[in-house]
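One structure is given here, and the rest of the page talks about it.
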Amino acid sequence: MTRTPAAIGMCFPRTYPAALVTDVARRLEAGGADELWLIEDCFYTAGPSLAAAALTATERLTCGIGIVPAVARTAAMTAMEFATLDALGPGRFLPGIGHGVQEWMGQMGVRPKSPLTALEEVTTAVTRLLAGEKVTMRGDYVVLDEVQLDAPPVEPPPILLGVRGPKSLALAGRVGGGVVLAEPASPSYVRMAIEQAGAPDGFVVAVFSAMCVRSDRKTAYEWTAPWLAGLIEQKNPSLPALPFYDDLVKLHVEKGEAGLVSMPQDWWQEIGPIGTLDDAAAHIEALEVAGVQHIGLFPDPEVEHGLPQLDYVLKLANR
């Protein structure tokens with residue numbers, strides 16, 4: 001597959017103070033990065049609010065939301081927020097919708113019996129509203145009576161679905177404009193996800209890549225091994241796509257985190273932008289070859305460790 005350069009940016013972890021977002025956005029734009037991805041998780045900071053602040057603080061930077069849960073807001077309110085954000089930065093906003101963590105949806109009293117049906121109805125309704133249609137729907141989760149946005153976007157952005165499983169990826173290919181794949185989004189997993197989505201024409205692929213760049217590989221691997229061990233223990237659904245998955249699990253069972261630190265460089269490079277700056281650049285290039293158009297580099301969730309990684313984001317964006 002031909003490599004097409006992707007837009008490179010940084011994720012704004014849910015644990016970062018909201019007031020930091022404008023400074024981070026300005027630094028990314030001034031340094032030549034393309035994007036900032038705002039993370040919305042219950043019950044942290046709200047994605048649309050962060051995106052509004054970042055869009056109004058910049059002139060060129062694209063801002064994406066990964067992701068708003070489909071049922072946390074009504075479809076009409078989600079469409080209103082997306083249209084408003086697009087108006088604040090025309091052509092610079094990428095919206096993401098997903099199932100949301102079902103336990104969190106239950107805590108709010110909005111857990112759907114069928115997350116797939118709910119996501120399909122919400123995505124369809126929001127897409128039609130952003131296109132300027134007057135929408136009437138009588139679904140299981142979306143009920144609209146001649147609802148029409150007063151100021152829909154001139155050019156509606158693609159609705160990216162933040163999903164993982166094969167049924168959800170097939171749904172994204174059918175009703176979405178693309179996908180947002182959460183970390184760890186290896187090139188192997190990206191190829192599998194695109195295939196499961198049916199590889200429709202014009203399908204937009206954005207990924208979050210957990211990054212850890214250090215001056216030497218061992219330090220980066222030691223820092224990241226506990227995170228990877230946790231993913232293995234949780235049976236993260238992205239990991240089985242790795243061509244060395246069985247060997248990876250065996251290594252972890254036999255040698256624990258120490259075994260992960262000593263695993264081959266090419267394994268780490270497949271999993272994420274982890275190691276030296278050159279290793280991170282090689283991972284990004286592999287994602288581009290796999291068909292990724294947008295890459296949000298995900299720094300450490302602790303501000304004191306993650307924010308210094310912004311300098312590496314800029315170097316990778318300008319490589």
Side-chain angles (χ1 to χ4, degrees), residues 8-28 33 35-58 61-73 77-78 81-82 85 93-108 110-111 115 119 159-164 168 179-185 206-213 223-224 226-231 234 236-238 272-274 294-310 312-313:
I8 306 297
M10 191 178 101
C11 295
F12 190 83
R14 66 187 188 181
T15 47
Y16 284 18
L20 277 179
V21 74
T22 50
D23 180 61
V24 169
R26 292 186 184 111
R27 287 177 61 188
L28 288 170
E35 300 178 339
L36 175 62
W37 284 88
L38 295 316
I39 308 303
E40 175 169 291
D41 276 339
C42 301
F43 300 94
Y44 294 84
T45 45
S49 304
L50 293 172
L55 285 166
T56 54
T58 56
L61 197 73
T62 293
C63 295
I65 296 180
I67 48 81
V68 300
V71 295
R73 303 167 178 84
M77 291 301 297
T78 297
E81 289 197 300
F82 287 177
L85 289 167
F93 172 59
L94 286 172
I97 303 177
H99 297 301
V101 176
Q102 293 305 293
E103 181 181 352
W104 295 339
M105 300 305 105
Q107 285 180 268
M108 296 188 290
V110 295
R111 183 170 185 165
L119 183 57
I159 303 297
L160 310 183
L161 299 194
V163 293
R164 277 180 167 160
S168 297
V179 288
V180 179
L181 302 177
E183 71 288 351
V207 303
F208 297 159
S209 295
M211 74 177 300
C212 182
V213 175
W223 191 268
T224 313
W227 166 79
L228 180 57
L231 295 181
Q234 296 160 14
N236 183 281
S238 304
I274 300 164
H294 302 271
I295 301 173
L297 298 169
F298 211 119
D300 192 283
E302 299 297 328
V303 173
E304 62 267 32
H305 302 301
L307 206 53
Q309 295 280 293
L310 191 151
Y312 290 121
V313 172

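Counting heavy atoms from C-beta outward, Val313 and Met211 have side chains that approach closer than 4.5 Å. In this structure the side chain of Tyr44 never reaches within 4.5 angstrom of the side chain of Pro13, judged on heavy atoms. Counting heavy atoms from C-beta outward, Ile39 and Tyr16 have side chains that stay 4.5 Å or more apart. Between Trp227 and Ile274, the closest side-chain pair of non-hydrogen atoms falls below 4.5 Å. Two residues are said to be in side-chain contact when any heavy atoms from C-beta on lie closer than 4.5 Å; Leu94 and Trp37 meet this criterion. Residues Cys63 and Leu38 meet the side-chain proximity criterion, which asks for heavy atoms closer than 4.5 Å. Under the 4.5 Å side-chain criterion, counting only non-hydrogen atoms from C-beta, Leu119 is in contact with Ile97. Leu307 is listed as a side-chain neighbour of Val24, based on a closest heavy-atom distance under 4.5 Å.
Here the closest non-hydrogen pair linking Gly306 and Pro299 is O-CB, 3.5 Å. The minimum heavy-atom distance between Gly162 and Ile67, with the atom names listed, is CA-CG2, 3.8 Å. Closest heavy-atom contact between Gln102 and Pro115: OE1-CG, 3.6 Å. Cys212 approaches Trp223 most closely through the heavy-atom pair SG-CD1, 3.7 Å. Closest non-hydrogen pair, Glu40 versus Pro69, comes out as OE2-CD, 3.3 Å. Nearest approach of Pro184 to Ser238, heavy atoms of both residues: O-CB, 3.3 Å.
Legend: residues meeting side chain to side chain contact (heavy atoms under 4.5 Å, CB included) with Ala182, ordered by chain and number and at least two apart, are Arg164. Taking Glu302 as the reference, Asp300, Glu304, His305 meet the side chain to side chain contact (heavy atoms under 4.5 Å, CB included) condition, with sequence neighbours excluded. Annotation: side-chain hydrogen bond (donor to acceptor under 3.5 Å, both in side chains) contacts of Glu81 (sequence neighbours excluded): Arg73. Under the salt bridge (charged side-chain N to carboxylate O under 4.0 Å, His left out) criterion, Arg14 pairs with Asp41, sequence neighbours left out. Taking the side chain to side chain contact (heavy atoms under 4.5 Å, CB included) definition, one finds that Val110 meets it with Val71, Met105, Met108, sequence neighbours left out. Listed by chain and number, the residues in a side-chain hydrogen bond (donor to acceptor under 3.5 Å, both in side chains) with Thr62 amount to none (sequence neighbours excluded).
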| request: Would you sort out whether Ser168 and Leu161 count as a side chain to side chain contact (heavy atoms under 4.5 Å, CB included), showing the intermediate values? | output: CA-CA 9 Å; Ser168 297; Leu161 299 194; over 6 Å; no
| Candidate pair Leu297 and Gln309, rule side chain to side chain contact (heavy atoms under 4.5 Å, CB included), full reasoning | CA-CA 9 Å; Leu297 298 169; Gln309 295 280 293; over 6 Å; no
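In this structure, the side chain of Ser209 does not engage the main chain of Pro273 through any donor-acceptor pair within 3.5 Å.
Arg26 contributes atom CZ, which lies 8.5 Å from atom OG1 of Thr58 (distance to the nearest 0.5 angstrom). With rounding to the nearest 0.5 Å, the separation of CG in Leu36 from CG in Leu28 is 6.0 Å. Note that CD1 of Ile295 is 9.0 Å distant from CD of Glu35, once rounded to the nearest 0.5 Å.
Of the residues Val180, Ile65, Leu181, the one that meets the side chain to side chain contact (heavy atoms under 4.5 Å, CB included) test with Leu160 is Val180.
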